[in-house]
Amino acid sequence: MKEIKIETTLKLFESVDELPTEVYNLMQSAVEARKRAYAPYSNFNVGAAILLDNGEVITGNNQENASYPSGLCAERTAVYYAGAQFPDAKILKMAICAGSKTHITQTPIPPCGACRQAISEYEIKQNTPIEIYFMGETGQIAQSHSLKNLLPFMFDKSVL
Ligand code: THU
C-alpha cells in the first residue's frame, strides 16, 4: 500500500480591482451575463464568460426548468455554445460570477462537478490549460491555472 497525495493550488485576488485588465473585462462580462440568468426556482444566479483564442468572448448563464434536472448551469451553457459556434478555437480563460438573489454572496463559488467534467473535455481536446477565475457576487476571486487542477482523478477518453 502506498499513499498518493494530490495538491491543488489556487491564487486569491482580494477584489476585481486586483485582476489583470483582460481578466477584469472577462469577469465584467460574467457579471453582466449573470444578470440575464433564468433561475426562478433556486434564486441562485450564475454568469460565465469565456475568452477564446480568436478573441471572441462567449457568455452563458444558468437556465432552469420546472422539471429541475432539465436546467443547465451557466458554465456548461457557455462552454457548449463556444464548442457549437467555434469548434476549432481554444478556450483561454473562463470567469464565473455566482450568488443568491436573496443575500450577497462574497465568497468565491467554484464550478460544480458536472461543469468541471464538461470543461475538462475541452481542455483535453485543445491540449492547453484553461484558466478559471471564480467569485461570488463580489469579493475575492479564486484563480485555478487549469481545469485539471480543479478535478483530480478526472475521467477522460484514455480509459474508454
Ligand atoms: N449552477 C450553475 O450555474 N453553475 C454551477 O457550477 C453550480 C450551480 C446553477 C444551477 C442552478 O440553476 C443553480 O445554480 C442552483 O444550483
Side-chain angles (χ1 to χ4, degrees), residues 6-13 15-16 19 22-52 56-86 89-126 128-156:
I6 299 176
E7 283 188 349
T8 293
T9 305
L10 296 174
K11 286 184 185 156
L12 279 182
F13 297 84
S15 78
V16 287
L19 294 171
E22 187 179 57
V23 181
Y24 176 91
N25 291 338
L26 195 65
M27 189 57 86
Q28 289 313 118
S29 296
V31 167
E32 288 304 312
R34 179 172 174 263
K35 293 178 184 166
R36 301 188 294 271
Y38 177 63
Y41 304 106
S42 71
N43 286 318
F44 192 81
N45 284 0
V46 186
I50 290 172
L51 177 64
L52 300 178
E56 292 279 345
V57 173
I58 305 296
T59 60
N61 44 42
N62 50 331
Q63 296 293 318
E64 296 189 348
N65 192 283
S67 171
Y68 293 0
S70 299
L72 196 63
C73 291
E75 297 88 330
R76 275 178 285 166
T77 304
V79 93
Y80 290 149
Y81 185 83
Q85 296 300 318
F86 302 102
K90 288 188 177 189
I91 299 172
L92 301 178
K93 301 174 200 298
M94 178 183 254
I96 303 160
C97 171
S100 172
K101 283 185 214 170
T102 60
H103 58 269
I104 296 181
T105 305
Q106 287 180 297
T107 51
I109 306 293
C112 76
C115 287
R116 294 182 208 193
Q117 181 67 30
I119 301 165
S120 79
E121 185 70 26
Y122 296 91
E123 187 167 277
I124 292 163
K125 176 184 163 220
Q126 69 186 38
T128 53
I130 299 173
E131 271 178 33
I132 318 266
Y133 295 81
F134 50 93
M135 72 170 191
E137 182 176 340
T138 180
Q140 285 186 329
I141 298 101
Q143 176 202 354
S144 175
H145 60 79
S146 69
L147 185 282
K148 194 174 181 186
N149 184 52
L150 291 178
L151 191 61
F153 271 118
M154 65 165 68
F155 182 93
D156 64 33

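As the structure lists them, so they are numbered: ligands from 1, and atoms in each ligand from 1. For reference, positions follow the sequence shown, starting with 1.
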Sub-4.0 Å atoms of ligand 1 with respect to non-hydrogen atoms of Cys112:
5 (C), 6 (O), 7 (C)

What distance separates Glu123 CD from Leu150 CG, expressed to the nearest 0.5 Å?
9.0 Å

Near Glu64 (heavy-atom distance under 4.0 Å), the atoms of ligand 1 are 11 (C), 12 (O), 13 (C)

Donor-acceptor pair between Glu64 and Ser42 side chains, under 3.5 angstrom
yes

Measure Gln63 to ligand 1 on non-hydrogen atoms and call it side chain, backbone, both or neither using the 4.0 Å cut-off.
neither

Numbering the atoms of ligand 1 from 1, which are under 4.0 Å from a heavy atom of Pro111?
6 (O)

Any protein heavy atom < 4.0 Å from atom 16 (O) of ligand 1:
no

Of all the atoms in ligand 1, which lie at a distance below 4.0 Å from a heavy atom belonging to Ser42?
13 (C), 15 (C)

Indicate the atoms forming the closest heavy-atom contact of Gln117 with Leu151, along with that distance.
OE1-CD2, 3.7 Å

Just let me know how Ala39 lines up against ligand 1, side chain, backbone, both or neither, with a heavy-atom cut-off below 4.0 Å.
neither

Looking only at protein heavy atoms, what sits closest to atom 10 (C) of ligand 1 is Cys73 SG, 3.9 Å

Does Tyr24, at its OH atom, have more than 12 non-hydrogen atoms belonging to other residues, nucleotides or ligands within less than 6.0 Å?
no

Within a distance under 4.0 Å of any heavy atom of Glu75, pick out the atoms of ligand 1 and give their elements.
2 (C), 3 (O), 4 (N), 5 (C), 6 (O)

Among protein heavy atoms, which sits nearest to atom 3 (O) of ligand 1, and what does the distance come to when rounded to 0.1 Å?
Ala74 N, 2.9 Å

Is the closest side-chain heavy-atom distance between Glu75 and Ile119 below 4.5 Å?
yes

For the residue pair Asn43 / Thr102, report whether a side-chain donor-acceptor contact shorter than 3.5 Å exists.
no

Working to the nearest 0.5 Å, report the span between CE of Met135 and OG1 of Thr105.
10.5 Å

Ligand-residue contact atoms, ligand 1 with Asn62, heavy atoms, under 4.0 Å:
3 (O), 9 (C), 11 (C), 12 (O), 13 (C), 14 (O)

Can you tell me how far apart CZ (Arg34) and CG (Asn45) are? Round to the nearest 0.5 Å.
5.0 Å

